[in-house]
Amino acid sequence: MSQQLNPALNTAFKAARKAGDLMLRASNNLSAVRVDSKAANDFVSDVDRQAEDIIVGTLQEAYPQHRILTEEAGVLGNERAEYEWIIDPLDGTTNYLHGHPQYAISIALLHKGVLQEALVYAPERNDLYTASRGQGALLNNRRIRVSGRFELNQCLIGTGFPVVDQSMLDRYLAILKTMIQKTAGARREGAASLDLCTLAAGRTDAFFEFNLKPWDMAAGALIVQEAGGVVTDFEGEQNWLNSGNIVAANPKLLVQMLKILAQHPA
């Protein structure tokens with residue numbers, strides 16, 4: 001890849017590339033990968049842990065004063081640091097363990113709680129999505145934009161099933177039924193970071209999901225925003241990173257998505 005990255009993203013990409021190489025090597029013999037269950041339908045493998053160690057080590061070497069939030073290890077470093085990295089070393093673990101290529105490494109950098117840099121790397125496809133606040137979003141050095149569709153019956157919607165915490169499953173299924181009836185279709189591919197990047201690249205038109213974690217959303221959300229999209233929680237506010245409930249689309253379509261969500265309150 002010839003993409004020119006700023007120092008923070010360049011460091012993140014070096015880390016992601018090393019972790020991605022590990023994943024590709026391990027994928028040649030998935031039966032040898034040790035897998036533990038954190039909860040029902042929530043798995044962690046040796047590959048997750050090793051990839052996280054690679055990414056954390058690379059970032060800590062370059063930015064020892066920064067805080068790091070990871071899926072597996074939690075908060076590392078100075079809790080009062082102004083800069084915080086949010087990492088998902090393997091988004092789409094279940095896909096990966098089944099040999100399904102829809103998985104990615106997600107890395108975001110915040111300054112004083114505001115997203116500044118984002119990188120999502122899909123090793124199987126060698127696709128690199130990046131964004132820097134105020135500078136647009138790129139896929140493999142090509143600028144990307146969200147789609148301009150806003151007639152719901154022409155729109156393809158991305159989503160994710162609430163497979164870990166199923167307490168909101170009935171509400172989700174009611175919303176999904178309405179979405180299917182009003183749109184051109186819905187897709188569930190199993191890795192939220194890539195779902196958001198797919199939206200940013202204009203390949204789907206909107207995305208919504210319940211109960212995600214910050215590492216599932218942070219990088220992909222900034223990439224959507226820098227591609228011209230809007231990201232909110234289900235009430236149209238900016239609490240999505242804390243609530244875990246996220247909806248994203250172009251501005252006109254987002255209003256329609258929020259109306260559907262409001263028809264099915266908690």
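Quick note: numbers below take in every heavy atom, side chains included, and nothing from hydrogens, waters or symmetry partners. Here the structure is a predicted model, which means the values were calculated and not measured.
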*Distance only, no hydrogens: is a donor on one side chain within 3.5 Å (strictly under) of an acceptor on the other, for Asn6 and Ser132?*
yes

_Pairwise distance CD(Gln50) to CD1(Ile54) - rounded to 0.5 angstrom_ = 7.0 Å

_Heavy-atom closest contact (Asn250 atom, Ser147 atom, distance)_ = ND2-O, 3.0 Å

*Looking only at atom types and distance, does a side-chain atom of Arg145 sit under 3.5 Å from a main-chain N or O of Ala200, one as donor and one as acceptor?*
no

*Asp205 side chain to Leu156 main-chain N or O, any donor-acceptor pair under 3.5 Å?*
yes

*Check: Arg125/Gln102 side-chain N/O donor and acceptor closer than 3.5 Å*: yes

*Is Val146 reachable from Leu138 through a run of hydrophobic residues whose side-chain heavy atoms are each under 4.5 Å from the next?*
no

*Closest heavy-atom pair and its distance - Gly202, Arg149*: O-NH1, 4.2 Å

*asked:* Between Arg49 and Asp46, does any side-chain N to carboxylate O distance fall below 4.0 Å?
replied: yes

*asked:* Go through it in stages, so that I can follow the logic: the residues are Arg67 and Val75, the test is side chain to side chain contact (heavy atoms under 4.5 Å, CB included), and I'd like the CA-CA distance, side-chain angles, deciding distance and then a yes or no.
replied: CA-CA 7 Å; Arg67 180 174 62 246; Val75 177; 3.6 Å; yes

_Test of understanding: clusters of I, L, V, M, F, W, Y form through side-chain heavy atoms closer than 4.5 Å, transitively. Do Leu5 and Tyr83 belong to the same one?_
yes

*Hey, is the main chain of Lys213 close enough, under 3.5 Å, to the side chain of Asp216 for a donor-acceptor pair?*
yes

*Check: Glu52 side chain, Ala73 main-chain N or O, donor-acceptor pair, under 3.5 Å*: yes

*Indicate whether any N or O donor in one side chain lies under 3.5 Å from an N or O acceptor in the other, for Glu124 and Tyr103.*
yes

_Hydrophobic clusters here meaning ILVMFWY residues chained together by side-chain heavy-atom distances under 4.5 Å, can you tell me if Leu119 and Leu241 are in one?_
no

*asked:* Side chains of Arg17 and Asn126 only: does a donor on one sit below 3.5 Å from an acceptor on the other?
replied: yes

*Apply ring-ring contact (aromatic ring centres under 6.0 Å, His included) to the pair Phe234 and Trp240, showing each step before the final yes or no.*
CA-CA 8 Å; Phe234 288 179; Trp240 52 270; over 10 Å; no

*Do the side-chain N and O atoms of Asn140 and Asp127 include a donor-acceptor pair separated by under 3.5 angstrom?*
yes

*Any donor and acceptor pair, going by atom type alone, linking the side chain of His100 with main-chain N or O of Tyr96 inside 3.5 Å?*
no

*With no hydrogens and no angle check, do the side chains of Gln238 and Asp233 hold a donor and an acceptor under 3.5 Å apart?*
no

*Just wondering, are more than 12 heavy atoms of other shown residues or ligands nearer than 6.0 Å to CD in Gln181?*
yes

*Indicate, with yes or no, if Ile223 and Ile246 share a hydrophobic cluster defined by side-chain heavy-atom contacts under 4.5 Å among Ile, Leu, Val, Met, Phe, Trp and Tyr.*
no

*Donor-acceptor pair, side chain of Glu226 and main chain of Gly136, under 3.5 angstrom*: yes

_Flag, side chain of Arg34 to backbone of Ser45, donor-acceptor distance under 3.5 Å_ = no

_Could you see if Met168 belongs to whatever hydrophobic cluster contains Tyr172? Use Ile, Leu, Val, Met, Phe, Trp, Tyr and a side-chain cutoff under 4.5 Å._
yes

*Quick one: NZ on Lys182 to CE on Met257, what's the gap to the nearest 0.5 Å?*
12.0 Å

*So with a 6.0 Å cut-off around CD of Glu79, is the heavy-atom count from everything else above 12?*
no

*Side-chain donor-acceptor pair present, Thr198, Asp195, cut-off under 3.5 Å*: no

*Show your reasoning for whether side-chain hydrogen bond (donor to acceptor under 3.5 Å, both in side chains) applies to Gln116 and His111.*
CA-CA 7 Å; Gln116 298 295 330; His111 181 237; 5.0 Å; no

_Over 60° means perpendicular and under 30° means parallel, so tell me whether Phe208 and Phe210 are parallel, tilted or perpendicular._
perpendicular

*asked:* Could you check whether any side-chain N or O of Asp88 sits under 3.5 Å from a backbone N or O of Glu71, counting only pairs where one atom can act as donor and the other as acceptor?
replied: no

*Are the side chain of Asp91 and the backbone N or O of Ser193 linked by a donor-acceptor pair below 3.5 Å?*
yes

*Are the side chain of Glu117 and the backbone of Ala8 linked by a donor-acceptor contact shorter than 3.5 Å?*
no

